K.L.:
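Dropping the structure in here first, questions after.
In this text, all values refer to a predicted model and were calculated from it rather than measured experimentally.
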Amino acid sequence: MELYKTNQLKIYNSLSKSKEIFKPIVEGNVGMYVCGPTVYSNVHLGNVRTFMSFDLVFRYLKQLGFKVRYVRNITDAGHLENDADEGEDRIAKKARIEKIEPMEVVQRYTVDFHETLQKINNLPPSIEPTATGHIVEQIEIIKDILAKGMAYEVNGSVYFDVLKYNETEHYGILSGRNIEDSVHNTRELDGQSEKKNPQDFALWKRAEEKHIMRWPSPWGEGFPGWHLECTAMSTKYLGETFDIHGGGMDLKFPHHECEIAQSKVKNKVNPVNYWMHANMLILNGQKMAKSTGNYILPNEIFTGENKILSKAFSPSATRFFMMQAHYRSVLDFSNDALEAAEKGYMKLMEALNNLKNIEVGKVSSINVSEWKQRCYDAMNDDFNSPVLIANLFEAVKYVNLLLEKKETISSADFEELKNTMNIFVYDVLGLQNNSEENACDKLNGVVEMLIKMRKEARDNRDWALSDKIRDELAVLGIQLKDGKEGTTFSVN
RNA sequence: GGCGUUUUGGCCGAGUGGCUAGGCAGAGGUCUGCAAAACCUCGUACAGCGGUUCGAAUCCGCUAGACGCCUCCA
């Protein structure tokens, strides 16, 4: 029987601002849409955190036995750099600076995006549609919204009429704001704008002559507004109403608000049952963002080539660091925090490696099934990975006590412990065990031989030789660990 | 200025009205030829002030700080 039938999953819904019991539209199936990146530069760690948060959601839903269709778009049409009419889109701008074709920029950074997410062990989504691949669908939606009188055309551009929409619907329902407030509080009213109101947003923009990315439309040559693509693609692949929509907290307004407005006009229904927002990654007390220069790239962490960290950290250690915080909490990035996370991660991996050394007995002195349920309970409570990790460290303690034979475990319980640890560490959290990959067989053989020689020296009380072997290996980054059951080693 | 979030022990971070995660660092111990590693044990912290309550870090109010959104942004 599927686990979702016995596990009650609760999800915090940004729309209701409360945790709700998750019930998909079609039993056993989940449709999830997550706003993907605009591929105009390398993804930074902040971007990665959001996608990792939803990777956790994706992985756990699958673990519960749901069949998940996970759609995450690539924004390759670019969107306006600012709201000014002469704005050119980000991708076209970058292309001019670097003197290459826009699609070359798109290709380069799409590849970078995929490579980075793969390193950090994110699963690929089920469908990864592009904005430029759905121009036709977007044009159709604009026509529909125009026909319903909720948009207007000016000079080859089409704008959504927010104030009119707000007469019958609540624009701001998700972000908890009232359009009246923002009308009064808009600082600089942009007089030259062709929009009726500053709150209106573009569905279609006329392409200026220099604009390279352009498509024909009933309103002339142009390109779609940013908010529209997500509506077009989510509707196409998941339906008019689907289960989960995710994205970074900073997309709540206006992006997701606009999506709701577009869908409500076009389809007359609420597009999303559960809105999920992942929180920001903070660096030096500020949000990590490309535009401010306050960011670190994943590769700079993995190689150690940066000014923030004292050393390089593996993708898994980095992933573990982020999983130790809840996805809805702001997370502070720092060298100390990453170092602490790395050590904890190593400890967890060590315990997993030690599972094979445990001897099973007839009876168990530890309650494995109760522990296992606590792991599920943690994740069922709005994907609480920090609490899950705390439970996993409890399992680490079990493993160590079992190794010292201070606790006992039956073979059935041992299998359950082992399987559950593997499921949560590898399948759900998506961590990888690099500790064994570091050493190849030949190296293992050589070190084992040296360990043997050192043991002989020690048996002969030849401390000088035994210490020499130990110290010289240490210089090479191979640490010997003398334990009760003999000597083991780790490669740094 | 508006809206919202947040403030937890040396650091990072969970959390429920009473049973007070976890990791790192630190202290003590076990083990060891020594060392390292490993393991075990230990910390009663919740911004300040006031209120509700038998009881609050957890609920309410005020004050202060921080952050996010209000423009592209994960």
K.L.:
For A:K252 and B:C69, give me the distance from atom NZ to atom P, rounded to whole Å.
P.N.:
12 Å
K.L.:
Given that A:H255 and A:F321 both sit by RNA chain B, which one's nearest nucleotide is further toward the 5' end?
P.N.:
A:F321
K.L.:
Touch check for A:Q286, heavy atoms < 4.0 angstrom, all strands: base, sugar-phosphate only, or nothing?
P.N.:
sugar-phosphate
K.L.:
I'd like to know if the side chain of A:S157 and the backbone of A:R206 have a donor-acceptor N/O pair within less than 3.5 Å.
P.N.:
yes
K.L.:
Would you say the base of B:G13 and the side-chain of A:S329 have a donor-acceptor pair closer than 3.5 Å?
P.N.:
no
K.L.:
Quick one: does any side-chain atom of A:D55 pair with a main-chain N or O of A:L123 as donor and acceptor, under 3.5 Å?
P.N.:
yes
K.L.:
To the side chain of A:R470, which of B:G68, B:C34, B:C70 is closest?
P.N.:
B:C34
K.L.:
Name the nucleic acid region contacted by A:M280, choosing base, sugar-phosphate or nothing; use a 4.0 angstrom heavy-atom cut-off, strictly under.
P.N.:
base
K.L.:
Regarding A:K119 and A:N299, is there a side-chain donor-to-acceptor distance under 3.5 Å anywhere?
P.N.:
yes
K.L.:
Base, sugar-phosphate, or nothing: which does A:A278 touch, judged by heavy atoms less than 4.0 Å apart?
P.N.:
nothing
K.L.:
Give every pair of a protein N or O atom and an N or O atom of nucleotides 7-11 of chain B that lie under 3.5 Å apart, one pair per line with the distance.
P.N.:
none

K.L.:
Report which part of the nucleic acid A:G172 touches: base, sugar-phosphate, or nothing (heavy-atom distance under 4.0 Å, all strands).
P.N.:
nothing
K.L.:
Go along nucleotides 37-45 of chain B 5' to 3' and tag each nucleotide: B for a protein heavy atom under 4.0 Å from its base, S when only backbone or sugar atoms are that close, - otherwise.
P.N.:
B-SSS----
K.L.:
Would you mind telling me which of B:G22, B:C69, B:A74 lies closest to the side-chain atoms of A:F253?
P.N.:
B:C69
K.L.:
So, is the end of the A:R177 side chain (NZ or CZ) under 6.0 Å from the ring centre of A:F253 and within 45° of the ring's axis?
P.N.:
yes
K.L.:
For A:L281, answer base if it contacts any base atom (sugar-phosphate contacts may also be present), sugar-phosphate if it contacts only those atoms, and nothing otherwise; contact means non-hydrogen atoms under 4.0 Å.
P.N.:
base
K.L.:
Identify which nucleotide among B:C34, B:A74, B:G22 has an atom closest to any side-chain atom of A:A390, counting heavy atoms from C-beta outward.
P.N.:
B:G22
K.L.:
Pairing donors with acceptors under 3.5 angstrom, does anything connect the side chains of A:T292 and A:Q286?
P.N.:
no
K.L.:
When Watson-Crick pairs (N1 to N3 and N6-O4 or O6-N4) and G-U wobble pairs (N1-O2 and O6-N3) count only below 3.5 Å on both distances, what is the dot-bracket string of RNA chain B, with | for other-strand pairs?
P.N.:
(((((((..(((.....[...))).(((((.......)))))....(((((..]....))))))))))))....
K.L.:
Of the listed nucleotides (B:A25, B:C70, B:G13), which one gets closest to any side-chain atom of A:K343?
P.N.:
B:A25
K.L.:
Is A:N391 touching bases, backbone alone, or none of the nucleic acid, heavy atoms closer than 4.0 Å?
P.N.:
nothing
K.L.:
Mind checking if A:G247 touches a base, just sugar-phosphate, or nothing, with heavy atoms under 4.0 Å?
P.N.:
sugar-phosphate
K.L.:
Is A:K372 positioned over the aromatic face of A:Y376, cation under 6.0 angstrom from the ring centre and no more than 45 degrees off axis?
P.N.:
no
K.L.:
Categorize A:H44 for me: base, sugar-phosphate, or nothing, with a 4.0 angstrom heavy-atom threshold over every strand shown.
P.N.:
base
K.L.:
Between B:G13, B:G33, B:A74, spot the one nearest the side chain of A:R454, thanks.
P.N.:
B:G33
